[in-house]
Visitor: 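Have a look at this one before I ask anything.
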Amino acid sequence: MSDTSEVAREILKDRFGFDQFKPGQEDVIGHLLSGHSAAAVFPTGGGKSLCYQLPALALPGLTVVVSPLIALMKDQVDALGALGIGAVRLDSSLDKDAYRDAMEGIRRGRISLVYVAPERFNNERFREFIQAQKIALFAVDEAHCISEWGHNFRPDYLKLAQFAKTAGAERVFALTATATPDVLDEMCRLFAIDPECAVRTGFYRANLSLHVRATHPSSRDVALLDELNSHPPGPTIIYVTVQKSAERVAEFLRQSGRDAKAYHAGMSAEERAATQEWFFPCQAGIVVATIAFGMGIDKSDIRYVHHYNLAKSFEGLSQEIGRAGRDGKPSRCVTFYCPEDLVTLENFVLGDTPTLAAVRSFLDDIFSQGDQLELALHSLSAAHDIRILVLRTLLVYLELEGLIEGGTPIYTSYRFIPQVSSTEILSAYENDRRPFLSELFKLSKKGRTWFTLDAANAASALGVDRLAVVRALDELAERGFFELEAKSVKHRFTVLRRPQDQGALGQALFSRLCQREERDIQRLEDVVQLLQSDQCIVNALAEYFGERRTQPCGHCSVCLQEDRGQFRFCDVDPDFEWPDFRAIALIAPQVLATPRSLARFLCGINSPAISKARLKKNDSFGLLAALPFDQVLAQVGKAKGGLDDVKIAK
Ligand code: ADP
Ligand code: MG
C-alpha cells in the first residue's frame, strides 16, 4: 500500500501538477492500484475523475470510462490531451477518420483512456473490439443508475456490470455524487465491489447557504428579481422544469436589465455550446436552464444556484446546488416554491406507468412467440402503449426473473456511402477476397444517397455467418472505403422458461412499476417536506445521504428563522365541475378505455398510443392539466357511466 501510494503521489505531482489529494482520492486510488474494485461517493466537484485518470496512467492496459454524459466529456479529453495523456471519446460525433485513429491508438496502446456512453455497449462491433483489449480498469460514472430503487434507474447499467465481468475487466470503479446508503450497497453488490473499498466523503459544504421562499406563480418573477437585486451580482444558474420557462424567464430577466441566457435540450448543440462558452468566463451572467445545464462544466465561481421550479428529488437538489461555490467561497441557493410545480413534475413521473392491460398484452406478445425473440422496441412500444424506457425495464425484470436471457442486439441492417468506386475498393484487396466483396456490393440496395444491406439476408445468400458480413463492412469502414452506419436494431432474447401463471406475473410487474411510480412521487413530496420542515435544511439533506451531523448549519432559512412565506396546497376546488368523462372516452374508445389512460389524456400526459392516434391535437387533451393526476384518476374511477375496464391498482 505504501508503494502504491508513493507511485500515486508521484503521478499526481508530475502528471497532474497537484500537490495533494482531495478527500477520499488517495483511498480510492490505493484500492484500485492494489488490484481491488472500488466505489466512490464524492460530491460534485470532489475530484472523482482523477480517481480513474491517475490509475489509468499507472496500470498497464486500457481504462474504459462509461459516462452517460459523454457529450460533455470533451473538456476532460482535451484537458488530458494537454497533459500529454492519450484519451479519446468514442461517440457518434466522431467522423470516420477520427474513429479509425482512435481504434488504432487503442490497439497500439497510445490511448490509455477511452470514454464511452452506456448505449455504446449495445453495439456489437464495439463490444467485440473492446473485449479484445486488456481492460485494466472499467470505470462507471453516475453508477447509482444501476440501482432500481435509486432516483435514476437505467436498465443499461445492469448490463454494464455483466459486461465488465465477461470482458474480464481487471477492476471496476463505480462512482457517483449521490447515493443513499441503500443505493451504495446495491452498487457494490451488482458490480462485485467489496464494501470495504467503498469510499464516501462528506457531503456538507459550509460555504453553501440554502434558502426557501414560498411564492405564487403570478408573483414568482418578482420574487426572483427581488432576490437577485438584494445580492451582489455573480455567476448564476437558475433551474426551471420545462424548456418554455427557460426561454420566458431568461427573456424576463433581460428585460429587467440582466445579462441572461436560456439553456435547454430544445436548443441546437451549437447554441448550447455557445451559451456554455459565454458563461464560463462570465462574472455576472445568468443561465436559466433545465436540469441538463452544468453537468460537464467546471466553473468554480458560481455564486448563486436558484430553483425557480422545484427540484425533483433530494438527489437532484443536492447535485444542482452542488454546482455553486466550488471555490469554497460563500454561495447562495434559493428555492422558489409553488405547489403548482408539483403537478407538472408528477405528470412526468405518471406518464411512465403503463396500464395493467398494456403490461398483459406485452407479456402475451413475448410468450406467444418461439424461444428466440428478436424485438424491435419501437413497434412494441406502439403496439402495447408502453414507453420505450419502460419496455426496457420490463425486459430487464423478465431477465432478472430468469424467464428470458438477453443476447447481443443485432443491427439488422446497415447503410453506407462508398467513398471511392467499387473497382478501386476491390483492387485494394487480395484476389481471393474479391468475389465475396463484390457479391456483397451486389446485394446492397441503392437509395438516393445511402446503400442499405440486410446483414442476415446477405449472410444466408452468401452462405456465411452473419458476423462475417458485419466484419467485412466494419473493415471497409475502418479502411476508409465506406461511411457506415447501423440502421435498425433488434434486441435478441432467448426464452428460458415460460411463466407458470402469466396473469399473476402481469399483476406483479404492474405492481412493481406502480411502486416505482409511488417512490418517485414520494421523492417529490420529500422535497416539499424538506422545504417546509423545521429542521436545519442542510442536516436533513445530509441525513438522507447517510451523514449524521449534530450541529445545525447556522445559515439556512430555518437556522436563520427567515420568513419562508405562505405554504399552500394545490387541491381541487370542491365546487369544480368535472367534465363528462364518458363523452370524452368516446373520442377514442380504444385508446381511452381505462381510467388510467383517460386520466392521462385529461392531464395532458402523452403516451405512445395517444401520439399514434394523434390525440394530442384534440381539445380535451390536457383539459385538466392543472389538477393533480391522482385526484383526476380517482374522479374518473368513481365516475359511473359504464367505463368498462380493467381494475386499477392505484
Ligand atoms: P467530480 O467529477 O467529482 O464532480 P472532477 O473530477 O470534475 O469532480 O474534479 C473537479 C475539479 O477538481 C477539477 O478541476 C479537477 O481538476 C480538480 N481536482 C481533482 N483532483 C484534485 C487535486 N488532488 N487537487 C486539486 N484539484 C483537483
Ligand atoms: Mg464528474
Side-chain angles (χ1 to χ4, degrees), residues 5-30 32-33 38-58 63 65-85 87 89 113 115-118 137 139-145 152 173-179 184 187 198-205 207-208 235 237 276 280-281 291-302 305 315-316 318-329 331 545:
S5 91
E6 213 164 286
V7 171
R9 283 189 173 276
E10 232 173 80
I11 301 178
L12 182 73
K13 206 162 165 49
D14 296 350
R15 302 299 295 271
F16 294 93
F18 298 136
D19 291 326
Q20 285 182 352
F21 284 110
K22 289 194 175 202
Q25 285 182 330
E26 193 165 16
D27 284 348
V28 170
I29 291 169
L32 293 173
L33 292 186
V41 186
F42 300 174
T44 312
K48 290 183 286 297
S49 323
L50 188 94
C51 297
Y52 56 75
Q53 290 171 346
L54 194 156
L57 296 183
T63 290
V65 182
V66 188
S67 169
L69 307 174
I70 179 77
L72 302 171
M73 288 290 162
K74 186 175 174 302
D75 293 347
Q76 263 200 41
V77 171
D78 292 349
L80 289 168
L83 294 172
I85 298 169
R89 183 170 62 126
L113 281 123
Y115 288 82
V116 294
L137 174 59
V140 182
D141 201 356
E142 309 290 335
H144 61 271
C145 295
N152 194 14
F173 173 40
L175 55 143
T176 176
T178 41
L184 179 58
M187 277 164 51
V199 180
R200 183 193 279 279
T201 61
F203 160 89
Y204 174 63
R205 289 181 40 214
N207 64 319
L208 298 191
I237 303 178
Q276 289 216 17
F280 199 73
I291 48 154
F293 186 74
M295 305 278 214
I297 60 162
D298 190 6
K299 181 169 169 65
S300 63
D301 61 349
I302 298 173
V305 172
E315 287 86 350
S318 72
Q319 280 200 349
E320 285 147 25
I321 62 179
R323 300 197 174 110
R326 292 201 198 162
D327 53 8
K329 296 186 185 153
S331 305
F545 292 109

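Computed over heavy atoms, backbone and side chain alike; hydrogens, waters and symmetry mates excluded. Numbering of ligands and ligand atoms starts at 1, following listing order.
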Visitor: Report, in ascending order of atom number, the atoms of ligand 1 lying under 4.0 Å from any heavy atom of G47.
Guide: 1 (P), 3 (O), 5 (P), 6 (O), 8 (O), 9 (O), 19 (C)
Visitor: Please round to the nearest 0.5 Å and tell me the distance separating atom CD1 of I11 and atom CD of E6.
Guide: 12.0 Å
Visitor: How many angstroms lie between CG in L80 and CZ in R15, if you round to the nearest 0.5 Å?
Guide: 10.0 Å
Visitor: If I apply the N/O under 3.5 Å rule, does Q25 come out as touching ligand 1?
Guide: yes
Visitor: Between L50 and L12, is any pair of side-chain heavy atoms under 4.5 Å apart?
Guide: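 Of all side-chain heavy-atom pairs linking L12 with L50, at least one is under 4.5 Å.
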Visitor: Given F42, Y52, F18, which has its nearest heavy atom closest to atom 15 (C) of ligand 1?
Guide: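 Of the listed residues, F18 has the closest heavy atom.
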Visitor: Run the numbers for me: atoms of ligand 1, each under 4.0 Å from some heavy atom of P43, listed by number.
Guide: 3 (O)
Visitor: Decide yes or no for V41 and F545: does some side-chain heavy atom of the first lie under 4.5 Å from some side-chain heavy atom of the second?
Guide: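 No, every pair of side-chain atoms sits at 4.5 Å or beyond.
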Visitor: Hey, are the side chains of V28 and F21 touching, using non-hydrogen atoms and a 4.5 Å cut-off?
Guide: no
Visitor: To the nearest 0.1 Å, how far is atom 2 (O) of ligand 1 from its closest protein heavy atom, and which atom is that?
Guide: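 Among all protein heavy atoms, the one nearest atom 2 (O) of ligand 1 is S49 OG, 3.6 Å.
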Visitor: Can you pull out the closest protein heavy atom to atom 10 (C) of ligand 1? Residue, atom name and distance to 0.1 Å, please.
Guide: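 For atom 10 (C) of ligand 1, the nearest protein heavy atom comes out as G45 O, 3.7 Å.
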Visitor: Would you check if P55 and I29 make a side-chain contact, meaning some heavy-atom pair closer than 4.5 Å?
Guide: yes
Visitor: Starting from atom 13 (C) of ligand 1, find the nearest protein heavy-atom neighbour and note its residue, name and distance.
Guide: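 Heavy-atom neighbour on the protein nearest atom 13 (C) of ligand 1: D298 OD2, 3.3 Å.
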Visitor: For ligand 1, does Q20 get within less than 4.0 Å through its side chain, its backbone, both, or neither, judged by non-hydrogen atoms?
Guide: backbone
Visitor: With a 4.5 Å heavy-atom cut-off, do F16 and Q53 have their side chains touching?
Guide: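 The answer is yes, as the side chains (C-beta and beyond) meet within the 4.5 Å cut-off.
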Visitor: Considering only heavy atoms, does S300 approach ligand 1 within less than 4.0 Å through its side chain, its backbone, both, or neither?
Guide: neither
Visitor: Identify, by atom number and element, the atoms of ligand 1 in contact range of F21, meaning under 4.0 Å from any of its heavy atoms.
Guide: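 Counting atoms of ligand 1 from 1, those under 4.0 Å from F21 are 23 (N).
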